[in-house]
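Notes follow once the structure below has been shown.
Given the structure is predicted, the values throughout are model-derived calculations rather than measurements. Numbering of residues begins at 1 and proceeds along the displayed sequence.
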Amino acid sequence: MSEITARPFSAFAGRILLAMAAVALLACNPEAKQLRLSCQGGNAADCNELGRRLVEGDHVLRDFVFAAEVLGQACDGGVAEGCYRLGRMHEDSMGIVGDLDLMISLYRRACDGDEAEGCYKLGQAYHDSVGVDRDLSLAFELFEEACEGESMRGCNSLGLMYRAGVSATRDLPRAAGLFQQACDADEMAGCYNLGESYASGAGVDLDPARAAELYEQACDGSEMAGCFKLGDLYATGVGVTQDFEQAANLYRRACNSRHAEGCYSLGVLYQNGAGVPRQPALAASLLRRACRLGYEEACESE
């Protein structure tokens, strides 16, 4: 066999072996095997659960193509969560070719089926003009529907619209209440935005110490904007005791997660030798990284 024909055959054989391994693992896991058989028998809820497991690699080999197939069955069988999950796969091109038109249709079906996260994602699409024309009024309605359905991401986004006065009268106390609701349910973006409210006195009493607590909670929950803002408080000594070393640690954590302003602020500390040794070359490298990540002020500083 020539090298030209051997390579495609090898790749094809590899895909066959992987598919066989996935089927074997399903067969070896009694619960997964039962889900597969039940799904094949027309149980849409089990198709949805099997799809989730295939996407997440939960006791089965990840198989995005098979997941898309069974989630489609779940969606067609009236399981709104299956529509939502399949929509996410199209949005993220998760092992399949993403289709924005289909994504919108799936999120709409999910939302119509009372899947709150589908309403949130559909609202996000109208807010950001992804796959549809921008429609902030409709986005507001969808975020409201999502929040009422206990999507905390929906509550947080609705709070942002109330804070900005977009498609509703500006209502800072209402925004803060929505951020609190989201934060109480461990939606870290809600904790961050509630921290912003306390840091500026927007809809709540000005309380920098409380803002620091909320930023820390958000940071610990991997919301890097919280790490960055907490770093700012330590750098300025607002709400906490001034500590440049701690500020540097927080900026570094944010920067390592590709937070542009975190990289910029860490670069400034290395530039000035505040909390870290003065290292102009490292400072310049961090400013360049911040610029590449989209922070324009860093580009101007180069």
Side-chain angles (χ1 to χ4, degrees), residues 8-126 128 130-132 142-143 145-154 157 185-187 222:
F9 177 80
S10 176
F12 175 74
R15 289 196 296 273
I16 291 294
L17 287 172
L18 186 60
M20 289 173 64
V23 171
L25 189 54
L26 276 172
C28 291
N29 184 315
E31 192 176 352
K33 180 180 179 181
Q34 183 56 45
L35 285 171
R36 177 172 59 85
L37 291 173
S38 179
C39 176
Q40 288 174 344
N43 188 316
D46 283 348
C47 290
N48 177 58
E49 175 60 16
L50 180 59
R52 180 194 70 79
R53 293 187 181 208
L54 289 164
V55 168
E56 297 176 3
D58 182 1
H59 295 91
V60 296
L61 274 178
R62 287 176 185 265
D63 186 333
F64 295 125
V65 174
F66 189 20
E69 180 184 331
V70 296
L71 288 173
Q73 290 176 245
C75 182
D76 289 341
V79 179
E81 186 181 39
C83 302
Y84 163 71
R85 290 185 182 280
L86 186 55
R88 285 296 307 270
M89 292 188 72
H90 279 283
E91 181 175 2
D92 299 335
S93 297
M94 193 182 294
I96 57 177
V97 177
D99 183 329
L100 290 181
D101 289 337
L102 183 54
M103 176 198 80
I104 293 298
S105 174
L106 287 162
Y107 286 152
R108 185 171 286 114
R109 289 174 69 183
C111 185
D112 288 345
D114 296 326
E115 173 56 48
E117 291 300 324
C119 298
Y120 162 71
K121 293 299 287 186
L122 188 59
Q124 189 179 53
Y126 277 105
D128 298 338
V130 177
V132 288
L142 288 161
F143 289 148
E145 187 173 351
C147 184
E148 289 171 355
E150 299 188 358
S151 164
M152 294 303 106
R153 294 191 294 176
S157 294
D186 295 327
E187 173 57 42
S222 299

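The distance from the CE atom of M152 to the OH atom of Y120 is 12.5 Å, given to the nearest 0.5 Å. Annotation: the span from L54 atom CG to R36 atom CZ amounts to 10.5 Å, rounded to 0.5 Å. Here the CG atom belonging to D112 is positioned 7.5 Å from the SG atom belonging to C119, to the nearest 0.5 angstrom. Note that CG of L106 is 13.0 Å distant from NZ of K121, once rounded to the nearest 0.5 Å. Note that CG of D63 and CG of L50 are 9.5 Å apart. Values are rounded to the nearest 0.5 Å.
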Would you mind writing out the side-chain donor-acceptor pairs for residues 65-81 within the sub-3.5 Å range, not counting sequence neighbours?
{"unit_1": "D76", "atom_1": "OD1", "unit_2": "R109", "atom_2": "NH2", "d": "3.2"}
{"unit_1": "E81", "atom_1": "OE1", "unit_2": "N48", "atom_2": "ND2", "d": "2.7"}
{"unit_1": "E81", "atom_1": "OE2", "unit_2": "R85", "atom_2": "NH2", "d": "3.2"}

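Legend: residues meeting side chain to side chain contact (heavy atoms under 4.5 Å, CB included) with D186, ordered by chain and number and at least two apart, are M188. Every residue two or more places apart in sequence or in another chain that forms a side chain to side chain donor-acceptor pair (under 3.5 Å) with E56 is listed here: R52. Residues satisfying the side chain to side chain contact (heavy atoms under 4.5 Å, CB included) test with E148, not counting sequence neighbours, are E144. Remark: S151 pairs with E117 by the side chain to side chain donor-acceptor pair (under 3.5 Å) rule, at least two apart or across chains. Listed by chain and number, the residues in a side chain to side chain contact (heavy atoms under 4.5 Å, CB included) with D99 are H90, D101, L102 (sequence neighbours excluded).
Within the 4.5 Å cutoff, no side-chain heavy atoms of E31 are placed close to those of H59.
The nearest pair of heavy atoms linking D46 to S38 is OD2-OG, 2.5 Å. The shortest non-hydrogen separation linking F64 to M94 is CB-O, 3.3 Å. Here the shortest heavy-atom pairing between I104 and A125 reads CD1-CB, 3.6 Å. For the residue pair A110 and G118, the shortest heavy atom distance occurs at CB-CA, 4.0 Å.
No side-chain donor-acceptor contact under 3.5 Å links Y107 and Q124.
R62 places a side-chain N or O within donor-acceptor distance of the main-chain N or O of V55, the cut-off being under 3.5 Å.
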TODO: Give the C-alpha distance, both sets of side-chain angles, the deciding distance and a yes or no for side-chain contact (heavy atoms from CB on, under 4.5 Å) between M103 and V130.
DONE: CA-CA 10 Å; M103 176 198 80; V130 177; 4.2 Å; yes
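Shown here is D58, whose CG atom has more than 12 heavy atoms of other residues, nucleotides or ligands within 6.0 Å.
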